[in-house]
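Since the structure comes first, as structure tokens, the remarks are kept for the end.
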Amino acid sequence: MSIRPDGLDPWAPRDALGEALYQVRMRGVFYSQTEAGAPWALELPPFGNCVTFHLVTRGGGWLEVADNAPVYLRAGDIALVPHGRGHWMRSHPDAPVTGRADELPQQMVNEHFSVLRCGGDGARSTLICGVVSFDQPGVRRLLDLLPPIMHLEDTGEGESRIRDAIHMMTAELRRPRPGGEAVTTRLADILMIEAIRTWLARDPAAQSGWLGALQDPQLGRAIAAVHRSPGHDWTVESLAREAAMSRSAFAARFTELVGEPAMRYVTRCRMELAHSRLEHGDTTVAAVAADLGYQSEASFSRAFARIAGTSPGAVRRGHGNKSLR
């Protein structure tokens, strides 16, 4: 395979929305199969910047997230809670809580998969539940825009692929083989991408704001260029050229659709990427500053503190904000 002279991944998509989905990569994942008899009700605690999903394979249950109407999941339905919020799954909206899912006795099949049995002697329900987390700032931004509950009813081809991915993950976790962890994390990537694609195709909200800009044939090219090369010496003029627009038209349309001026967006993208790199502590502030196009560590630190509200050194030492979002 030939290597591109610009050093870019030759397989990466060249559109902004495609690149945002291309960045969907798991940092951590845990799955549980819940076998419950009515009445039952489980509390799912908050899990930071994670996504929780629930697939009903038998029976049904009510998903409740605070300040949102409960949603009933039938066999074949899947629901995502994208923002790491605590929530509840119940056999009936009034069922008393059986316990917190992470504190109840369960059979650990391996370090990433468990079987939880709970509830009474009534109608049986089976669910596959998972908690996944991500690192990439672009993915976090995308997840932030998703609704509090993504309910995908079992009505079409996209949901079938989602269900197939989860069944394959379950099979890998139940019968571990060499490379099984890599297979399950890749399948989890597919699960998230398919769910997001289904929501993008259905929800009118996905056609406006930042997501609308990603899908705009002109603005999307400029945003994709920023995501590919955040350390480039971008100006409004150079971004307008990427979009094949005049400077004034580009600046006005960008602000209207994205909700902030183009150069502020560039700076925020850089700082989100910097925050993610510094959180892991495997690089220096000076190296991050240089990678992102800053001539000095001091100028980078000033920009970072203005956006993040803390110093880059504090984030690297683990004392800064957990997220810019």
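When a residue number appears, it is its place in the shown sequence, counting from 1. Computed from a predicted model, the values in this text were never measured in an experiment.
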Same cluster or not: [X] versus [Y], using hydrophobic residues (I, L, V, M, F, W, Y) connected whenever any side-chain heavy atoms lie under 4.5 Å apart?
X: W88; Y: Y72; value: no
X: V51; Y: L44; value: no
X: V132; Y: I78; value: yes
X: V81; Y: I128; value: no
X: I307; Y: V315; value: yes

Only one of R117, R124, R58 clears salt bridge (charged side-chain N to carboxylate O under 4.0 Å, His left out) with E35; which? R117
[atom2] on [Y] to [atom1] on [X], rounded to 0.5 Å:
X: C129; Y: F53; atom1: SG; atom2: CZ; value: 7.5 Å
X: L278; Y: F304; atom1: CG; atom2: CZ; value: 5.5 Å
X: R268; Y: H275; atom1: CZ; atom2: NE2; value: 13.5 Å

Those residues that, when tested against R264, pass salt bridge (Lys or Arg N to Asp or Glu O under 4.0 Å) (two or more places apart): none
Indicate yes or no: does R241 engage E237 in a salt bridge with an N to O separation below 4.0 Å. no
Partner of L42 by side chain to side chain contact (heavy atoms under 4.5 Å, CB included), out of D102, L127, V97, T34: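 Between L42 and the candidates, side chain to side chain contact (heavy atoms under 4.5 Å, CB included) is satisfied uniquely by T34.
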So, does [X] use its side chain to make a donor-acceptor pair with the main chain of [Y] at under 3.5 Å?
X: Q215; Y: L211; result: yes
X: T255; Y: A252; result: no
X: T52; Y: V131; result: no
X: R90; Y: A95; result: yes
X: R221; Y: A243; result: yes

Checking side chain to side chain contact (heavy atoms under 4.5 Å, CB included) for the pair D291/R277: CA distance, chi angles, key distance, verdict? CA-CA 11 Å; D291 286 346; R277 291 181 181 176; 3.5 Å; yes
Side-chain donor-acceptor pair present, H151, D77, cut-off under 3.5 Å: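 Present: a donor and an acceptor within the cut-off.
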Can you tell me if S32 and S114 form a side-chain donor-acceptor pair at under 3.5 Å?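 A donor-acceptor contact under 3.5 Å links the two side chains.
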Could you walk me through whether L146 and L80 satisfy the side chain to side chain contact (heavy atoms under 4.5 Å, CB included) test, starting with their C-alpha distance in whole Å, then the side-chain angles of each, then the deciding distance to 0.1 Å, before giving a yes or no? CA-CA 10 Å; L146 299 180; L80 277 68; 5.7 Å; no
For [X] and [Y], which heavy atoms make the closest approach, and how far apart are they?
X: A262; Y: L239; answer: CB-CD1, 4.1 Å
X: N68; Y: A66; answer: ND2-O, 3.0 Å
X: W40; Y: T98; answer: CA-OG1, 3.7 Å
X: V285; Y: G313; answer: CG2-N, 4.1 Å
X: S229; Y: W234; answer: O-NE1, 2.8 Å
X: A274; Y: L292; answer: CB-CD1, 3.7 Å

Please assess R85 against F47 for the test side chain to side chain contact (heavy atoms under 4.5 Å, CB included), listing each intermediate value before the final yes or no. CA-CA 7 Å; R85 298 177 62 185; F47 284 107; over 6 Å; no
Within a reach of under 6.0 Å around CD of Q295, are more than 12 heavy atoms found that belong to other residues, nucleotides or ligands?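 Open: at most 12 neighbouring heavy atoms sit under 6.0 Å from CD of Q295.
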What orientation do Y265 and H227 show, parallel under 30°, tilted 30 to 60°, or perpendicular over 60°?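 Tilted.
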Determine, stepwise, if the pair I149 / L63 fulfils side chain to side chain contact (heavy atoms under 4.5 Å, CB included). CA-CA 9 Å; I149 300 174; L63 169 62; 3.7 Å; yes
With T284 via side chain to side chain donor-acceptor pair (under 3.5 Å) - residues at least two apart: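 Partners of T284 under the side chain to side chain donor-acceptor pair (under 3.5 Å) test: none.
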Taking only residues two or more places apart in sequence, or in another chain, which ones meet H87 in a ring pair (Phe, Tyr, Trp, His ring centres under 6.0 Å)? H54
